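Notes follow the structure.
Lettering of chains follows the sequences in order, A, B, ..., and the numbering in each one begins at 1. None of the values given here were measured: they were computed from a predicted structure.
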Amino acid sequence: MAKIQVGIPQGTRDFSTDIVRKRNYIFSTVRSVFELYGFQPLETPTMENIETLMGKYGEEGDKLIFKVLNNGLGDPKNLEKSKAAFENVLNGKNDKNLTERALRYDLTIPFARYVAMNHAQLTFPFKRYQIQPVWRADRPQKGRYREFYQCDADVVGSYSLLNEVELANIYAEVFSQLKIDVEIRINNRKILAGLAELCGGADKMMDITIAIDKLDKIGLEKVKEELATRGLQENQVARIEQYLSIEGSNEEKLQQLTELMGDNETAKKGIEEITYVLNYAAIAGNSKLVTDFTLARGLNYYTGTIFEVKAKNVQMGSIGGGGRYDDLTGLFGVPNLPGVGISFGVDRIYDVMEELKLFPEAVQTGTQVLFFNLGDAESRKAFELAQQLRGKGVRCELYHELAKFDKQFKYAEKKAIPFIVIIGSKELEEGTCVIKDLKKSEQFALKQNELQNFSF
RNA sequence: GAGGCUGUAGCUCAGUCGGUUAGAGCGCAAGUUUGUGGCACUUGAGGCCGUGGGUUCGAAACCCAUCAGCCUCCCCA
């Protein structure tokens, strides 16, 4: 028999049963906390109109959007149009006669599109969460896929800093439930803007943030070099170095920053905001927030608070991030709707939990009870009792055929089923059954009519 | 877009200088053992050596091409 070549597209994954269980554990934890804070679920289509997405993620981003080919291109009556369209695409232009749809690239732009389309009906501030896969035609590598899940919560239509506080608390709550020890780094783009004003002018802000964003990766000296090549004067670089070397507790850092920034109004506003968020979070008992003025985040649409979550005790990039942005829906013709949002990096959270062995054992238990199949009459009784137990919400199954003990035991073992129930000829006669706890390797007999009251 | 590494059994991998019948561990199946698993032992099944071409008396090994996967940079989650 010839082997048929099978596979899945590059950068995609099958999630086998145990992985799905663990991922669902993360999803349901995140979802329940989102709900706890008043966020509502939203889902948008896998495909968007191509013009909704194009131009929203920069030049690089456009290249990474998966485009969907139109149907009916080969139809004789479309042939001329299709050929012309293909010519256009080869010349780097987009053409609706070839492709008018694309796979969603993130959840933020579709959300913005949704809000723009429905703003008249929505109650503001609108708080939504969204957990769906997104697609990028990127080259896959470690922790990076062409299909991956995003897990976002955003508030639109409110300038209140209480939103930031709530989102920070959501981070703290989720990671506390997942038992991941984290540091929630917080900064404010206004502080970075203020720094830019003091060092070369507001138009240097992008250059400065790009350079200091790399601090972790390339170190202080290289950052200074990069700043110099980006046209900053020596004294300006020196000031940034001073800025980057701020250390201590949150209060100490803010104190040093205040002194360094003098009476720059923009920076003052940023410091005020970050102080507000820290104070309120403290009321909620959130002690995970750490000010980090070197935190910049690449996305240039952030305008206020920015967050990044880092797991402690493990070598891993950020497992969450977010921030405040102005005018989310302006691109779609609905101006003046500010927003703030956070995102969870599910794949990385999974890796961290796997590495630190943080998944509870119960997550991996599917079937709780296996009934042995020891003959016709015996299995009929087992079948009946299994049905009863299911009525009580106990997950159980009956071994699918008569087989040796050995085989049935091994099945239970492989599926990590913690309990087995044995009904053989003897038990059938006596109206009893034997329950065996495979973990403790203990067993005892029980009346059949008492089985449904047993707590598995 | 640029670069590096790897493709041999279901899985993880050995395979020497190019040499005759391609190996191991795990897993799978059967048995020792027809009502008590995990351990041990015995036996067995399972291979187009990624694909195509070339060099050679001879290729899993060398060369070229191609496909696939992994990884790094860019960028990002």
**Asked** At under 4.0 Å between heavy atoms, what does A/R136 touch on the DNA or RNA strands: base, sugar-phosphate, or nothing?
**Response** base
**Prompt:** What integer number of Å spans the C1' atoms of B/A60 and B/G7?
**Reply:** 11 Å
**Prompt:** Hey, is the side chain of A/Q141 poking within less than 4.0 Å of OP1 or OP2 on B/C70, counting only N and O atoms?
**Reply:** no
**Prompt:** Of A/F175, A/F307, A/F27, which is the lone residue that meets ring-ring contact (aromatic ring centres under 6.0 Å, His included) with A/F344?
**Reply:** A/F175
**Asked** CG of A/L370 versus C1' of B/U36: gap in Å, rounded?
**Response** 13 Å
**Request:** Between B/G37, B/A30, B/U72, spot the one nearest the side chain of A/K142, thanks.
**Result:** B/U72
**Request:** Pick the C1' atom in B/C62 and in B/U42, then give their distance to the nearest Å.
**Result:** 42 Å
**Item:** Closest to the A/K414 side chain, choosing from B/G27, B/A77, B/G69
**Value:** B/G27
**Request:** Taking the six-membered ring of A/Y149 (Phe, Tyr or Trp), confirm whether the NZ or CZ of A/R23 is under 6.0 Å from its centre and within 45° of its axis.
**Result:** yes
**Item:** Euclidean distance for C1', B/G1 against B/U16 (whole angstrom)
**Value:** 41 Å
**Listed nucleotide nearest any side-chain atom of A/K436, set B/C71, B/A77, B/G37** = B/G37
**Request:** Determine the Euclidean distance between corresponding C1' atoms of B/C71 and B/G25; express it in Å to zero decimal places.
**Result:** 27 Å
**Asked** Is A/R13 positioned over the aromatic face of A/Y145, cation under 6.0 angstrom from the ring centre and no more than 45 degrees off axis?
**Response** yes
**Message:** How many whole angstroms separate atom CG of A/L374 from atom C1' of B/U36?
**Reply:** 10 Å
**Fill in**
On a heavy-atom basis, the closest approach of A/L398 and A/L370 is C-CD1, 4.3 Å
**Request:** Report which part of the nucleic acid A/E427 touches: base, sugar-phosphate, or nothing (heavy-atom distance under 4.0 Å, all strands).
**Result:** base
**Prompt:** According to a strict under-4.0 Å criterion, is A/K404 in side-chain N/O contact with OP1 or OP2 of B/G31?
**Reply:** yes
**Stems involving RNA chain B, each a run of at least 3 consecutive Watson-Crick or G-U pairs under 3.5 Å** = B:1-7 with B:67-73, B:10-13 with B:23-26, B:28-32 with B:40-44, B:50-54 with B:62-66
**Message:** For A/D152 and A/Q130, which I'm curious about, is there any donor-acceptor pair between the side chains at under 3.5 Å?
**Reply:** no
**Asked** If we take the P atom in both B/G18 and B/A59, what is their distance in whole Å?
**Response** 14 Å
**Message:** In this structure, how many angstroms lie between the C1' atom of B/A77 and the CD1 atom of A/I342, rounded?
**Reply:** 15 Å
**Asked** Is the A/F409 ring parallel, tilted or perpendicular to the A/F372 ring (thresholds 30°, 60°)?
**Response** perpendicular
**Presence of donor-acceptor pair under 3.5 Å, side chain of A/Q443 and base of B/U36** = yes
**Prompt:** With a 4.0 Å cut-off on heavy atoms, is A/G345 in touch with a base, just the backbone sugar-phosphate, or nothing at all?
**Reply:** nothing
**Asked** Within this structure, what is the CD-to-C1' distance between A/E413 and B/U36, rounded to whole angstrom?
**Response** 13 Å
**Message:** Side chain of A/R348, heavy atoms from C-beta onward: which of B/A77, B/A2, B/C28 has the nearest atom to it?
**Reply:** B/A77
**Prompt:** Distance between the C1' atoms of B/U72 and B/U12, in whole angstroms?
**Reply:** 24 Å
**Asked** Within this structure, what is the CD1-to-P distance between A/I422 and B/G35, rounded to whole angstrom?
**Response** 11 Å
**Message:** Between A/K224 and A/E226, does any side-chain N to carboxylate O distance fall below 4.0 Å?
**Reply:** no
**Asked** What is the nucleic acid contact for A/G320, judged by heavy atoms within less than 4.0 Å: base, sugar-phosphate only, or nothing?
**Response** nothing
**Prompt:** If you measure from the Lys or Arg side-chain nitrogens to the Asp or Glu carboxylate oxygens, is any gap between A/K253 and A/D292 under 4.0 Å?
**Reply:** no
**Item:** A/F66 six-ring face occupied by A/R136 cation (under 6.0 Å, within 45°)
**Value:** no
**Asked** Nearest to the side chain of A/Q150 - B/U36, B/C28, B/A77?
**Response** B/A77
**Prompt:** Looking across every strand, which nucleic acid part, if any, lies under 4.0 Å from A/L438 by heavy atom: base, sugar-phosphate, or nothing?
**Reply:** base
**Item:** Protein-nucleotide distance (A/D14, atom CG; B/G69, atom P), rounded to Å
**Value:** 13 Å
**Prompt:** Heavy atoms under 4.0 Å, any strand shown: does A/S441 hit a base, just sugar-phosphate, or nothing?
**Reply:** base
**Complete:** Among B/G35, B/G37, B/G1, the one nearest any side-chain atom of A/F409 is B/G37
**Asked** Looking for any heavy atom pair under 4.0 Å, which part of the strands does A/Y149 touch: base, sugar-phosphate only, or nothing?
**Response** nothing
**Prompt:** How close or far is atom P of B/C39 from atom CG of A/D406, stated in whole angstroms?
**Reply:** 11 Å
**Item:** Polar contact flag, side-chain donor to acceptor under 3.5 angstrom, A/E48-A/Y105
**Value:** no
**Item:** Whole-angstrom distance between B/C67 and B/U32, as gauged at atom C1'
**Value:** 48 Å
**Asked** When you compare B/C70 with B/A65, how far apart are their P atoms, in angstrom units rounded to a whole number?
**Response** 23 Å
**Message:** Quick check: on RNA chain B, is the nucleotide nearest A/D347 upstream (toward 5') of the one nearest A/P140, or the reverse? Name the residue that is more 5'.
**Reply:** A/P140
**Message:** Reading RNA chain B from 5' onward, which residue's closest nucleotide shows up sooner: A/G424 or A/S343?
**Reply:** A/G424
**Message:** How many whole angstroms separate atom CD1 of A/I420 from atom C1' of B/G37?
**Reply:** 8 Å
